[in-house]
Amino acid sequence: MDTFVSRTRKGPIDWATDEQREPGRNKIEEKCNQDIIKNTVKEEEDDYFTGFLEPIPWQKIEAEGLDCDYALLFPKQEADKLYTQLEEEVVYLTGDKTKIQVFGKVYSVPRKLATYGDTGLTYTYSGLSHQASPWTPTLRYIRDAVTKATGHAFNFVLINRYKDGHDHMGEHRDDERELDPLCPIASVSLGAPRDFVFRHQEARRKQHRRQINPVKLELAHGSLLLMNSPTNTHWYHSLPVRKRVITPRINLTFRRILQDGKK
DNA sequence: ATACGGCCACACAG
DNA sequence: GCTGTGTGGCCGTA
């Protein structure tokens, strides 16, 4: 099962080292070589059902103020199936709900959005409130798998669909008031693997005292990234444009929203 | 949670 | 080696 770290290209990019991701993994990386290594969920599915009964091999990703855990939650065959089902089930927002205003101009967000969750929950995104649609069977299944793997219960999921590498998300923090600050955000990826970048808040201006390197990783098909407190208070994250990516990725970020936490 | 342009660096192909 | 093209990091501006 040594198939977690992947790297789709080389270059000047300062990816998280293997030691950061998982001490002692260097040998595997050498074996994989640096080129287009797909990630690598096992193809054989003999332990398809036992997967959830055994503890998931997590990789710890740490930097100062950053605390994440990464794992392959779904084997390829199952991830494929979930992806297909979501493509059939999920209904994305349309019209004005996909528009955002920045510096007086209105833009369509460069991706598709959907919100699902417990009855009555709303999620405020860039000034707009969205009512959560009721859980679909597939979303409920994924939610329960995430809960089993993490021990955390979630009442809401924000779905972002990136149709190809031109769809992206700019740097931001998930710092909405309505989020339970102590509950991690669980990010499930299905479809095309995409690069994901964390940057420390103090590294966002030219003039900063200390240099704090960004932390970069690739989110694989079927993977789960847990962003633990206090990651979201110190680190911004983004999903940068990757022009070579031509297939879609669906990202599900499970959250716990506090009913009373509104402004 | 935007886009865009400027500047720079790198990878690749011819 | 060179040069052009494409990509991407990073920043500033609106």
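Every chain is numbered from 1 and lettered A, B, ... according to where its sequence line falls, protein lines coming before strand lines.
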Taken to the nearest whole Å, OH/Tyr107(A) to P/dT2(B) is 10 Å
With a 4.0 Å cutoff (strictly under), does any side-chain N or O of Arg199(A) reach OP1 or OP2 of dC11(C)? yes
Looking at Leu66(A), Val215(A), Ile61(A), which one forms a side-chain contact (heavy atoms from CB on, under 4.5 Å) with Thr231(A)? Leu66(A)
dG9(C), OP1 or OP2 - any side-chain N/O from Arg242(A) closer than 4.0 Å? yes
Rounded to whole angstrom units, what separation is found between the CG atom of Asp175(A) and the P atom of dA1(B)? 10 Å
Are Val91(A) and Tyr141(A) grouped together when hydrophobic residues (ILVMFWY) are joined by side-chain heavy atoms under 4.5 angstrom apart? yes
Main-chain N/O of Tyr162(A) paired to Arg194(A) side chain as donor or acceptor, under 3.5 Å: no
Counting only heavy atoms and a strict 4.0 angstrom limit, can you tell me which residues of residues 180-188 of chain A come near DNA chain B? none
Give me the ring orientation class for Phe198(A) and His237(A): parallel if the planes are under 30° apart, tilted from 30 to 60°, perpendicular past 60°. perpendicular
Under 4.0 Å from any atom of DNA chain B, heavy atoms only: list the residues of residues 230-238 of chain A that qualify, in numerical order. none
Compute both the distance and the angle, then confirm whether Arg255(A) meets the cation-pi test with Phe154(A): under 6.0 Å from the six-membered ring centre, within 45 degrees of the axis. no
Taken to the nearest whole Å, CG/Leu239(A) to P/dG8(C) is 12 Å
When you measure from the side-chain N and O atoms of Arg111(A) to the phosphate of dT2(B), is any distance below 4.0 Å, counting only OP1 and OP2? yes
What is the minimum heavy-atom distance between Leu93(A) and Ala114(A), and which atoms define it? CG-CA, 4.4 Å
Treating Thr253(A) as the side-chain partner and Leu158(A) as the backbone partner, does any N or O pair qualify as donor plus acceptor under 3.5 Å? yes
The nucleotide from dT7(C), dA14(C), dG9(C) with an atom nearest the side chain of Lys243(A) is dT7(C)
Does the structure place the NZ or CZ of Arg143(A) under 6.0 Å from the centre of the six-membered ring of Trp135(A), at an angle of no more than 45° from the ring's axis? yes
Rounding to an integer number of Å, can you tell me how far Arg244(A) CZ sits from dT7(C) P? 7 Å
Could you check which of dA1(B), dT2(B), dT7(C) has an atom nearest any side-chain atom of Val102(A)? dT2(B)
Gap between atoms CE and C1', on Met169(A) and dT2(B) respectively (whole Å): 13 Å
Lys/Arg-Asp/Glu bridge criterion (N-O < 4.0 Å) met for Asp80(A), Lys76(A): yes
Side chain of Pro214(A) only, please: which of dC10(C), dG8(C), dT2(B) is the nearest? dC10(C)
Just to be sure I understand the rule, does Lys105(A) reach a base, reach only the sugar-phosphate, or reach nothing, if contact means heavy atoms closer than 4.0 Å? nothing
State which of dA1(B), dA3(B), dG9(C) makes the closest approach to the side chain of Pro240(A). dG9(C)
